[in-house]
Amino acid sequence: MALLPLLLSMVSSFLFLSSMAELPRLEHPLKSDGSLSLLVIGDWGRKGTFNQTLVAAQMGRIGESLDIDFVVSTGDNFYEEGLTGIDDKEFEESFTNIYAAESLQKQWYSVKHFAAYRSDQLSFDDALAVLGNHDYIGDVLAQLSPVLRQIDRRWLCLRSFVLNAEIVDFFFVDTTPFVEHYWNKPKGHHYDWRGVAPRETYISNLVKDLDLALKESPARWKVVVGHHTIRSASVHGDTIELQLLLLPILKENGVDFYVNGHDHCLEHISSNDCPLQFLTSGGGSKAWRGILNSVSDKLEFFYDGQGFMSLQLTKTQAHVVFYDAFGNALHKRAITKQSHSQI
């Protein structure tokens with residue numbers, strides 16, 4: 001097995017800093033009070049169906065109340081088979097026209113592939129997302145293309161990179177190439193591996209670069225974002241390749257949160273042997289009802305419906321809230337940084 005390297009480029013006002021190891025690095029400022037607020041949504045792009053529009057409306061409401069700084073997409077941005085090209089109307093039908101609330105006209109962060117963006121092509125109101133397995137079935141390069149930014153300036157999709165916001169580093173990781181059966185048993189799908197193959201080299205480089213970036217990070221909080229689950233009680237369950245290749249690195253380097261999508265639900269799982277919290281926000285549209293499996297770590301919260309997540313950070317506190325499609329807060333958790341004890 002092997003791993004994948006980190007990419008990118010980005011935003012006017014998002015300063016380009018010297019690269020941390022080989023991973024491209026972006027910077028986002030904190031609010032004047034030293035805090036940061038964001039929303040997390042995953043598995044969403046269905047042209048408004050399966051309550052995607054309803055979830056988007058509540059994201060707009062909560063986003064306004066929290067004065068969010070940006071949005072993170074955990075992948076599977078366009079169903080069922082990604083985009084067909086840069087002129088695919090699904091980009092507007094599933095993204096631009098759906099997330100139209102004023103509070104959502106902010107940067108969206110998503111992982112995919114490094115593209116050569118110039119600083120004068122980027123603005124503060126971009127969208128960044130990670131790629132999911134469904135995105136890889138389509139034209140991967142289309143989601144990475146700067147042409148989409150001419151349609152909607154919020155959009156910026158990269159493979160892997162580091163986003164620094166002073167008190168926190170976000171490490172976006174393209175997890176799809178890790179999953180071996182996408183390569184060996186694609187079940188009739190064609191995956192777009194341009195820029196990824198050979199798999200072993202790609203994964204090996206990424207793991208090495210991620211490990212070094214985590215070790216060099218001086219941030220108070222460390223958040224890793226990927227599409228696939230490491231721990232999950234839903235349909236897909238644990239991703240073995242990520243448990244073998246990523247999880248030891250996250251634990252060794254004191255990562256606070258692993259945030260993902262892939263399973264179409266909302267869940268919070270606490271590691272039994274370290275402070276790491278697994279947060280699934282994959283309820284952006286179609287959800288999987290009635291599936292709840294056992295997990296080896298502590299299941300703090302599980303909801304098999306649509307919704308999204310918010311994360312608010314200060315130097316000493318992290319506040320996680322999961323919301324359903326009607327904007328109801330289903331689960332709240334505050335974590336202190338000094339002791340990492342849960343309140």
Side-chain angles (χ1 to χ4, degrees), residues 1-10 23-24 42-47 73-95 108-117 127-152 155-161 172-207 209-210 225-229 236 239 241-242 245-246 260-262 282 284-286:
M1 293 188 180
L3 264 88
L4 47 114
L6 217 22
L7 346 125
L8 89 335
S9 185
M10 186 166 129
L23 299 184
D43 303 85
W44 42 269
R46 297 183 185 271
K47 301 180 181 179
S73 170
T74 58
D76 275 0
N77 306 315
F78 303 101
Y79 283 95
E80 289 286 335
E81 299 181 345
L83 297 178
T84 59
I86 57 176
D87 57 352
D88 191 337
K89 293 300 181 184
E90 187 174 349
F91 177 74
E92 295 168 271
E93 294 168 350
S94 289
F95 176 60
W108 283 56
Y109 288 97
S110 180
V111 181
K112 175 141 183 176
H113 162 81
F114 173 65
Y117 291 99
L128 271 173
V130 295
L131 292 175
N133 50 293
H134 283 271
D135 300 311
Y136 263 98
I137 297 173
D139 183 344
V140 165
L141 300 186
Q143 287 200 45
L144 306 176
S145 174
V147 174
L148 295 186
R149 296 181 54 77
Q150 298 174 18
I151 301 171
D152 193 319
W155 183 257
L156 181 58
C157 188
L158 310 170
R159 281 202 206 274
S160 302
F161 61 98
F172 289 77
V173 180
D174 179 17
T175 60
T176 299
F178 283 74
V179 182
E180 193 167 7
H181 74 78
Y182 296 147
W183 298 78
N184 300 335
K185 298 178 181 179
K187 297 181 180 179
H189 296 302
H190 171 74
Y191 288 86
D192 186 355
W193 297 126
R194 287 176 293 173
V196 174
R199 173 177 176 269
E200 291 76 13
T201 301
Y202 185 63
I203 295 175
S204 177
N205 288 337
L206 178 57
V207 169
D209 293 343
L210 175 62
V225 180
H227 176 64
H228 290 79
T229 59
H236 293 300
T239 303
E241 294 89 344
L242 298 188
L245 297 169
L246 280 190
N260 62 272
H262 196 45
S285 55
K286 187 177 182 179

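Sequential numbering from 1 along the given sequence is applied to the chain's residues.
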Taking [X] for the side chain and [Y] for the main chain, is one N or O donor matched with an acceptor at less than 3.5 Å?
X	Y	answer
R46	Y79	no
S285	D43	yes
T239	E241	no

For this session: May I ask you to say whether K185 pairs ionically with E180, meaning some side-chain N is under 4.0 Å from a carboxylate O?
Result: no
Exercise. Is R194 salt-bridged to D139, going by a charged N under 4.0 Å from an acidic O?
Worked result: yes
Problem set entry | Near-ring test F78/W155, centroid separation under 6.0 angstrom | yes
Exercise. Any luck finding a side-chain donor-acceptor pair between Y136 and D76 under 3.5 Å?
Worked result: no
Exercise. For W44 and S73, does a side-chain donor sit closer than 3.5 Å to a side-chain acceptor?
Worked result: yes
For this session: Give the minimum heavy-atom separation between Y182 and T176, together with the two atoms involved.
Result: CD1-O, 3.4 Å
Problem set entry | Shortest non-hydrogen contact between S94 and G45, atoms and distance | OG-C, 3.6 Å
Are the side chains of [Y] and [X] in contact, using a 4.5 Å heavy-atom criterion?
X	Y	value
Y191	P177	no
L141	I86	no
I137	H190	no

Exercise. E81: what forms a salt bridge (charged side-chain N to carboxylate O under 4.0 Å, His left out) with it, not counting sequence neighbours?
Worked result: none
For this session: Classify the ring geometry between H262 and H227 as parallel (under 30°), tilted (30 to 60°) or perpendicular (over 60°).
Result: perpendicular
For this session: Please round to the nearest 0.5 Å and tell me the distance separating atom CG of D135 and atom CD of Q143.
Result: 4.0 Å
Seminar exercise, completed: So OG1 of T229 and CG of L242: to nearest 0.5 Å the spacing works out to 7.0 Å
